[in-house]
Participant: 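A single structure is presented below for examination.
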Amino acid sequence: MTAAKYSVTCDKVAVADVYAALWRHRLFIVGMTALVGVVAYVLASTQPKIYESTALVRVEQRGVSASDLFGSLEVGQRLAQTYAKIVSTKALRDRVAARLRLPTTQVHLSSSPVGDIELVDVTASSRIPAQAALVANGAVAALQAFVAEKGTNSEKVVLIDPARVPTAPASPRVKLTVAVAVILGLLFNSALALLLELFADRLPSIEDMEGIFGRPVLATVPELTFKQSATRLSVAGSRTADTGSIAAIGRSPGGTRGS
Amino acid sequence: MAASPQTKRANSHPAPSRLGLIDVHEPSGEPFRTLRLALDLRPRAADTRTIVVTSADPGEGKSTIASNFALMSAVDDKSVLLVDGDLRKPTQHELFGVSRSPGITDVIAGRAEFSAATHRMTLSASTSPSRRFDLLTAGTALPNAGDVVSSSPMISLLQAISRTYDIVVVDTPPVLAAADAASLAARTGADVVFVVSHRGRKRHVQRAMDKLELVGASVVGFVLNREGRLSDYGYY
């Protein structure tokens with residue numbers, strides 16, 4: 001009976017209970033989330049800064065007539081994908097390293113086609129901003145040379161937008177990292193708080209006390225502060241008066257009432 | 001509110017205020033009025049009422065509740081006796097600023113008369129007539145407190161007291177720490193008021209309630225202590 005009553009009550013106030021539990025653990029949640037944010041900030045800030053620079057190239061086909069325009073566009077898209085893949089190969093990386101006289105380990109390249117058109121992004125990353133731009137532009141030159149050397153005469157890689165020296169690092173993104181960490185920390189810590197609440201041996205709410213223990217709540221006493229007041233309490237020098245019955249304990253208790 | 005007790009030897013000199021005692025005319029007295037009303041409205045067989053105040057664990061505020069309830073009951077023009085039945089760790093004598101002994105153990109042992117062991121407290125305010133209530137402290141410390149509480153002289157004393165006063169409030173040790181409260185309540189037929197603080201543990205309360213029910217004690221209800229702030233209640 002009591003259990004059934006309790007479960008019904010729980011169903012009714014489940015959402016409120018969740019909010020109440022979160023509110024009770026608010027300091028824990030906020031504190032832990034702040035801690036996660038600080039840790040994320042420290043970790044992100046101490047990471048080495050990586051700069052990225054991107055050059056935009058177009059894979060062009062020579063001698064395409066207006067009637068072949070649609071077909072050439074489709075071919076151009078496929079070529080863009082092909083050359084994007086070529087930029088990521090070790091062979092091209094070696095070419096760039098040789099061209100710029102850099103160790104291969106310092107040449108980090110990536111490439112991707114831009115949408116469904118004939119354009120390709122060639123991106124280089126480095127801890128040195130100028131080197132990132134240098135490697136990206138070097139990669140374009142290496143790709144052009146590679147196409148001229150190994151490709152057909154009908155294809156050509158045209159530099160549309162050369163890579164520029166980046167002014168801000170691409171990573172770490174401190175703000176983004178902290179923001180994501182705080183959001184994830186908030187969710188995780190809230191879930192943890194609810195888990196703690198689940199296993200906590202907490203007393204039920206006032207409304208549920210009677211249902212669970214089968215006894216009413218007679219009164220609720222708030223946190224009280226005590227201060228000097230006009231009411232005085234004094235202890236009489238003489239003892240109590242109506243004690244005749246008490247003095248006769250075990251014999252014949254009786255006597256008067258009152259004080 | 002703070003009460004300003006005077007010592008037995010120098011009762012004309014106000015002593016410093018005692019922390020833990022409410023001002024019966026202030027909003028802080030309202031929870032105890034509510035408790036008094038709740039207990040008054042409950043049916044009872046006898047004219048007198050013995051109320052055992054206990055809790056599951058220590059530090060839940062039962063002594064404060066017991067003393068302030070006694071204060072508030074005295075305001076209601078009833079004859080009230082507050083008994084410090086916690087012979088292991090008594091606090092009422094400290095709360096009211098009186099000596100611990102002679103007290104209940106001394107009365108039981110025959111070392112003191114009840115009249116000599118009982119302190120008469122006078123509650124006075126400029127706005128209302130003086131009220132009085134009696135306090136029976138724990139008395140001389142004994143090594144076998146548990147045996148004393150459940151002894152026949154103790155039960156007889158409480159039964160005799162209950163015939164003399166309108167209300168007898170007994171402050172007892174926590175149920176899970178000692179069997180005193182269960183023993184007293186069961187053997188005297190007293191009503192048990194169970195104090196629970198907001199940090200209480202559900203399992204502890206349940207175990208304590210089971211203990212009391214096992215011996216047939218009559219638990220009339222709970223007093224939830226330290227539930228929010230006074231301002232939250234909207235007293236005026």
Side-chain angles (χ1 to χ4, degrees), chain A residues 2-3 6 10 20 23-24 197-259, chain B residues 1-8 11 17 19-20 22-26 28 31 34-35 38 65 79 98 113-116 118-126 132-134 156-157 160-161 163-166 193 196 200-203 205 209 219 221-230 232-233:
Chain A
T2 302
Y6 180 48
C10 277
W23 181 249
R24 267 196 295 274
E197 184 75 10
L198 191 67
F199 290 105
D201 188 20
R202 188 177 293 282
L203 281 173
S205 65
I206 296 173
E207 294 76 18
D208 294 335
M209 283 288 287
E210 186 169 357
I212 291 172
F213 296 115
R215 298 290 188 283
V217 174
L218 303 171
T220 55
V221 180
E223 196 82 49
L224 297 175
T225 53
F226 302 100
K227 58 183 181 182
Q228 189 74 33
S229 77
T231 309
R232 299 280 169 186
L233 192 66
S234 58
V235 184
S238 60
R239 300 300 187 167
T240 53
D242 303 322
T243 55
S245 61
I246 312 300
I249 291 166
R251 284 173 284 164
S252 176
T256 56
R257 181 163 313 182
S259 58
Chain B
M1 147 205 211
S4 294
Q6 296 169 325
T7 64
K8 284 185 289 186
N11 58 1
S17 63
L19 287 180
I22 50 119
D23 186 332
V24 294
H25 301 299
E26 289 290 318
S28 57
T34 306
L35 176 60
I65 299 290
S79 60
V98 298
E113 291 292 318
F114 175 81
S115 58
T118 308
H119 303 269
R120 172 144 295 176
M121 315 299 292
T122 303
L123 188 68
S124 60
S126 56
R132 290 178 298 178
F133 74 97
D134 295 340
S156 299
L157 175 64
I161 287 170
R163 281 190 283 268
T164 307
Y165 291 88
D166 292 323
V193 169
V196 177
R201 295 286 164 216
K202 185 179 164 188
R203 283 193 207 99
V205 173
M209 293 288 288
V219 182
F222 294 100
V223 172
L224 304 187
N225 195 21
R226 301 179 197 129
E227 283 287 327
R229 295 173 188 167
L230 191 62
D232 299 338
Y233 288 70

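Numbered from 1 within each chain, the chains take letters A, B, ... in sequence-line order.
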Participant: Shortest non-hydrogen contact from A:Arg215 to B:Gly221?
Facilitator: CB-CA, 4.0 Å
Participant: Considering all heavy atoms of both residues, which atom of B:Pro31 and which atom of A:Ala219 are nearest to each other, and what is their separation?
Facilitator: O-CB, 3.6 Å
Participant: Which residues satisfy the side-chain contact (heavy atoms from CB on, under 4.5 Å) test with B:Arg203, sequence neighbours excluded?
Facilitator: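 B:Arg203: side-chain contact (heavy atoms from CB on, under 4.5 Å) contacts with A:Asp201.
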Participant: Measure across A:Leu203 and B:Gly200 and return the closest heavy-atom pair with its distance rounded to 0.1 Å.
Facilitator: CG-O, 3.4 Å
Participant: How far apart are the closest heavy atoms of B:Thr34 and A:Leu218, and which atoms are they?
Facilitator: CG2-O, 3.8 Å
Participant: For A:Arg202 and B:Lys202, work out which heavy atoms get closest and say how close.
Facilitator: O-CB, 3.4 Å
